[in-house]
Amino acid sequence: MSPPRLADRLLCFFLSDDRLEEVQGDLHEEFRWQVRRVGERRARWRYWWDVLGFSTSCIGKRRASNHSTNLLFSSTMLQNYAKIAWRNLVKNQTYALINITGLGLGIGAALLIFALVRYHYAIDKHHQKYGHIYRVLTQFITPEGTFDIAGVPYDMGKALRNDYPAIENVAMIEHYWDPLVSVPVANGPDRKFKEAHKIGAFVQPAYFRIFDYNWIAGGPTDLAQPNTVVISAENAIKYFGTTQVIGKLIKLNAVMNTRIVGVFENYRDNTDFAYPIMASWASLREFYGGPLTEGFDNINGGTQCFVSLNDRFTQADWDRQLVAFVKKYKPKGVKDTRFPMQPLRDIHFSINTGGVSQGLIWSLFAIGVFLIITASINFVNLATAQALNRSREVGVRKVMGSTRAQLFWQFMGETALLTLAATGLAIVFFQIGQQLAQEYLHGVFRFTFYYDPSVLGWLLILIIVVIGLSGLYPALVLAGFKPVLALAGRITTRQVGGFSVRRSLVITQFAISQMLIVGLVVIASQLEYIQTKDLGFRQDAILTINLPNSPQQDIVRMNTFRNLAMAIPEVKKLSYSVGGPPQSGWISQTMIKFDTRPEPEKFTTQQRFIDAEYINLYGLKLVAGRNLHPADTSREVLVNEAFVKALGIRNPKEVLGKFVHNGRGLEIVGVLKNFNQTNLRNKIEPLYLTTRATRYHVANLQLHNGNFKRVIDRLEKEYNQLYPDSYFSAQFVDEQLQENYVQEQTMGRLVNFFAGIAVAIGGLGLYGLVLFMAAQKTKEIGVRKVLGASVGNILWLFGREFFQLIVIAFLVATPVAWWVMNHWLKDFVYRIDIGPGIFGMALLVTVLIASVTVSFQSIKAALTNPVKSLRSE
C-alpha cells in the first residue's frame, strides 16, 4: 500500500531534495501506521491533510523571504521563461500545432455555447422593473393534473383594477398572428406587407409603464384612443422609408384604418415580446366587428394580462386572495380554476406556456464543459508524454540551481503561451460559428451575442481554467523530477503518469466522444421515426391557403373561391377549416357537459371547426356513425376515440345520438379513429369537430400530381382578384408538419457539430500519442522486424492498448448516455426505444476513427527500414 502519488508530487514541489527525503520518510511511516489503525481510505485522506499542512508552511516561509519573491517574479526571469517557452514550441512544432488546434476548437465551441446560454438568461432583463413584472395565468385543475395557459378572460384587467387598486400597473394585451399591413398610395393600389411568423398586439397604455421602450417619435400617450397604433423603427422605414411617420395612416388586416402615434427603437434580439405593431386596446371592438366576450367563462390563449407589483401589493398578497377572487368572478370554477401570477423571469423557461426548456440549455452547457475537458485532456496527455524527452533538460536546470517553483512556473508559462495562441484561433472560430448560427439555426437556438465586460470576464475565466486544467499536472510532474535520475535517463513512463493517469484521461476522452455520438444517433433516429410514423391522416399533395385574417369570414367569397379553385383541373378536392391540417397545432380548449349529465366533465376538450369535405380530403376514418352534413353553423359534432374513452364509455356506438353541450346542444353523429392533433410530444387528447363557416381561416386543397407551380400561380391570381386587400400565402402540408420539429432538427445539427468537434479533438490527441509512441518504440520496432514480426504485428503493438481503452470507455459511456437520452425522449409521448444497436453504432464509429488515426502513423513506423530504426539510438 503506497500513499497518493499526486500528494507526493505536491510535496516535491515545495521541499528541497535533502528536506524531502526526511519529510517523506516520516510521512510514509505515519501513513503505514494509520492504514493499520483506521484503514487505507481514511489513511489516504490524512496523508493529504499532512501534505497540505507542510506545503502551507513552506508557502508562508517563502513569502517571508523578499529576496526569493523578487527573484521569482523579476522581469529578467519572466523574459527567460518566455524565451525558453518559445524555443520549446518551435522545437516541437507538431505537438504545438496539435495542442493549439485542439484547445482552439474546444475554447471556440465553449464560447459559442456560452453565447447561447447567456442569451437565454439575459432575455428581458433590460426592463427596469424586471423583478416586479408578472403575467397572470389561467390554471386548470383536473384529475390528470394541473396545466397552465397564458390566456385570461377579457375582463381580467378590469377586475384587477377595480378590486385591487394597490397594484401598481395592470395592462391587457391581445395577440394576432401574421399581421397584414396596407399602406395607402395616392395614385395606385395599396402597398401590402405581410409580417409572416410575427405577432401583432392590441395593448393598453399601461403596458408601456410596465415594459421599457425608447421612443424615436411620438409615444404611447395617444394609444388610449381607438384606431391608433405604434410601430417599430424598422417597420416605419419598411412602410414609408423614414421614421417621421406620426399621423400617417395604415390599415390592419384589411379591416381597420389606424393612425400612427409613435415609433419606438428596434428590438434588440433579447426579448420574448417583440411585437412590430401594437394597436390600441380600444380598437378591438372594431377589429373583431362586435363586442368582446365578457365574463370569465371564455379564455383565449392570445389574451394576456401583465402587472407590475410593489411593496403595497406583492405576489404573496395575491396568492392569499386568489380563492376569493375566483369565487367572485367564476364561482363555478372554485374547485378547478386558478389565476396564478408568473414572474417575468420564469416566462422564458416555462415549457407549459410555450417557453424554452431550461434542461435543453443546460445540456448544451454540459457539452461545452465536456469539450473543454476533452481539449485539456489532449494537452495533459501530450505534455506528460513529452516529459520523458525533457527529463535531461530538467536535470541540468536543477543542477545549475533552478528550484522546483521556477521550473513549475516555466512549464505553466509554456501552457499559457499555447493557450493564448489557441484563444486567438478560438475567437476566429467563434466569429465564423456565430455567423453560421444566425444563418442556419432556428427557434431557441438562434442567438445574438453582444460584447460587454461580462463577456471579457468569461473569456478570462475560461483561459485561466484551461491553463489550470491543462498545465497544472504536467508542470508538477516535470518540476518534481529528481536530477540524478533525470541526468541518468532513468525516468520511466510510469513516473510521468504513463499507466494510470494518461489511460484514465484517454478513457474519459473516448467516453465523452461516445456519449455525443449516441446522442446524435438517438436524435436522428427519433426524427426519422417522426417523419415516417403514420399520423392517421393523408399528407401528400395537399396545399393550404390562408384566408384573410379577419374575425368573421365572408361566406359568399369563400363559396366563390371554392368554385374558382375547383375549376382548375389539377385541384381534386377543397375543404375549409379553422387551422389547416389535423396536426396543425391549432388548439382551442373548452369544458363541456355530456348529454344529460348534470355536471361538466372533469376533462378539457379540444374543439375545431371544419366543413363536411374535411374528413374525406384528409382521409380521416370513422369507426362509428357518419360524417357531418354540410352547414354554415354548428349543429352536429364528430368526436374522436379519446373523447369516448374520457367519458368512460367503451363502445363508440353508445355516444351516437347523444349531445355535447357547450353553450348549445350539438348532436354526436360520428366517432373518428384517433389521429395526432399536435406534434408527437403530446398524447392524443379528447376532441370534437363541428361546422361554423365564419370561423374558417384556411382553405385545404388536394391536388393531382402535376405541375404544382402552375396550379399555385393560378390560385394566387384568383385569390388576389377575390381578396384584393389580403395577402396570398400557400404551403404544402408535409412542409408544415416538418416545422413542428424545427427544434429537434436544429438540436440534431448542433449535437452533430459538437460531436464532430469532440471526435476531431480526440483524433488530434490520439495522433499525437501515437506519434510519441512511434518515437519511443523506434528501436523496439526494429528489433521486432529483425526477429520476423510482420506489419500486422507492429500495427497491433500500437492499436491493442487504445482498443482496450475504447472498450472501457464504452462501458463507462453506455449507462450515462442511455440515462440522458432516455430522459430527453420522455418529452415525446410517441418515441423510439433505445436498443443495443445504437450503442453498437457508437462503438463502431469510435473504433473506426481510432483505427484511421492510429494506422496512419503506425503503418509509417512499421514500414521503416529496421536497419535505420536500430541506428536511431
Has the side chain of [X] got a donor or acceptor atom that lies under 3.5 Å from a matching backbone atom of [Y]?
X: N676; Y: T678; answer: no
X: Y723; Y: P548; answer: no
X: S182; Y: D190; answer: no
X: N720; Y: E716; answer: yes
X: R161; Y: V170; answer: yes
X: Q702; Y: K573; answer: no
X: Q677; Y: E685; answer: yes
X: N674; Y: A642; answer: yes
X: S634; Y: T690; answer: no
X: T532; Y: E528; answer: yes

Please report the interatomic distance [atom1]([X]) to [atom2]([Y]), rounded to the nearest 0.5 Å.
X: L722; Y: L564; atom1: CG; atom2: CG; answer: 6.5 Å
X: F675; Y: L620; atom1: CZ; atom2: CG; answer: 5.0 Å
X: L825; Y: S525; atom1: CG; atom2: OG; answer: 9.5 Å
X: R338; Y: T138; atom1: CZ; atom2: OG1; answer: 12.5 Å
X: S283; Y: R285; atom1: OG; atom2: CZ; answer: 12.0 Å
X: T544; Y: E735; atom1: OG1; atom2: CD; answer: 9.0 Å

| request: Evaluate side-chain contact (heavy atoms from CB on, under 4.5 Å) for F147 paired with Q139, printing each intermediate quantity in order. | output: CA-CA 6 Å; F147 65 93; Q139 184 179 81; over 6 Å; no

Would you call the rings of [X] and [Y] parallel, tilted or perpendicular, taking 30° and 60° as the class edges?
X: Y154; Y: W281; value: tilted
X: Y176; Y: F202; value: tilted
X: Y275; Y: H175; value: tilted
X: F603; Y: F643; value: perpendicular

| query | So L160 and N162, side-chain contact (heavy atoms from CB on, under 4.5 Å) or not? Walk me through it. | reply | CA-CA 6 Å; L160 291 177; N162 290 340; over 6 Å; no

Considering only heavy atoms from C-beta outward, does the side chain of [X] approach that of [Y] to under 4.5 Å?
X: K198; Y: I277; result: no
X: R692; Y: T633; result: no
X: K194; Y: D178; result: yes
X: Y618; Y: V733; result: yes
X: V578; Y: I610; result: no
X: L737; Y: Q539; result: yes

| request: Examine K658 relative to F594 and say whether NZ or CZ is less than 6.0 Å from the centre of the six-membered ring and inside a 45° cone about the ring axis. | output: no

So, [X] and [Y], do they make that salt bridge, N to O below 4.0 Å?
X: K717; Y: D713; result: no
X: E601; Y: R597; result: yes
X: R626; Y: E636; result: yes

Nearest atoms (heavy-atom pairs only) where [X] meets [Y]:
X: L574; Y: E613; answer: O-CB, 3.6 Å
X: L617; Y: N700; answer: CD1-O, 3.3 Å
X: A159; Y: F296; answer: CB-CZ, 4.1 Å
X: P581; Y: Q736; answer: CD-OE1, 3.6 Å
X: V671; Y: P652; answer: CG2-O, 3.7 Å
X: S280; Y: N227; answer: OG-N, 3.6 Å

Quick one about [Y] and [X] (side-chain donor to acceptor, distance below 3.5 Å, no hydrogens or angles considered), yes or no?
X: T691; Y: D632; answer: no
X: Y688; Y: N662; answer: yes
X: Q553; Y: Y696; answer: no
X: S726; Y: Y719; answer: yes

Table please: side-chain donor-acceptor pairs of residues 249-260 below 3.5 Å, with sequence neighbours left out.
residue, atom, partner, partner atom, Å
N253, OD1, L180, N, 2.9
N253, ND2, N549, O, 2.8
T258, OG1, I250, O, 3.0
R259, NH2, Q225, OE1, 3.2

| query | Between L672 and E641, is a side-chain contact (heavy atoms from CB on, under 4.5 Å) present by the stated rule, with each step listed? | reply | CA-CA 6 Å; L672 290 169; E641 292 174 305; over 6 Å; no

| said: Would V711 and L703 count as a side-chain contact (heavy atoms from CB on, under 4.5 Å) here? Give the steps. | reply: CA-CA 9 Å; V711 178; L703 307 180; 4.2 Å; yes

| field | Over 12 foreign heavy atoms within 6.0 Å of CZ, R635 | value | no

| message | Ring centroids only, cut at 6.0 angstrom: are F306 and F273 within range, meaning strictly under it? | response | yes

| query | What residues, two or more places apart in sequence or in another chain, satisfy side chain to side chain contact (heavy atoms under 4.5 Å, CB included) together with D734? | reply | F732

| task | Only counting residues at least two apart or in another chain, list the ones meeting side chain to side chain contact (heavy atoms under 4.5 Å, CB included) with K238. | result | F193, E195, N235

| task | May I have the step-by-step check of side chain to side chain donor-acceptor pair (under 3.5 Å) for T590 and Q607, ending in yes or no? | result | CA-CA 7 Å; T590 185; Q607 63 173 351; 4.9 Å; no

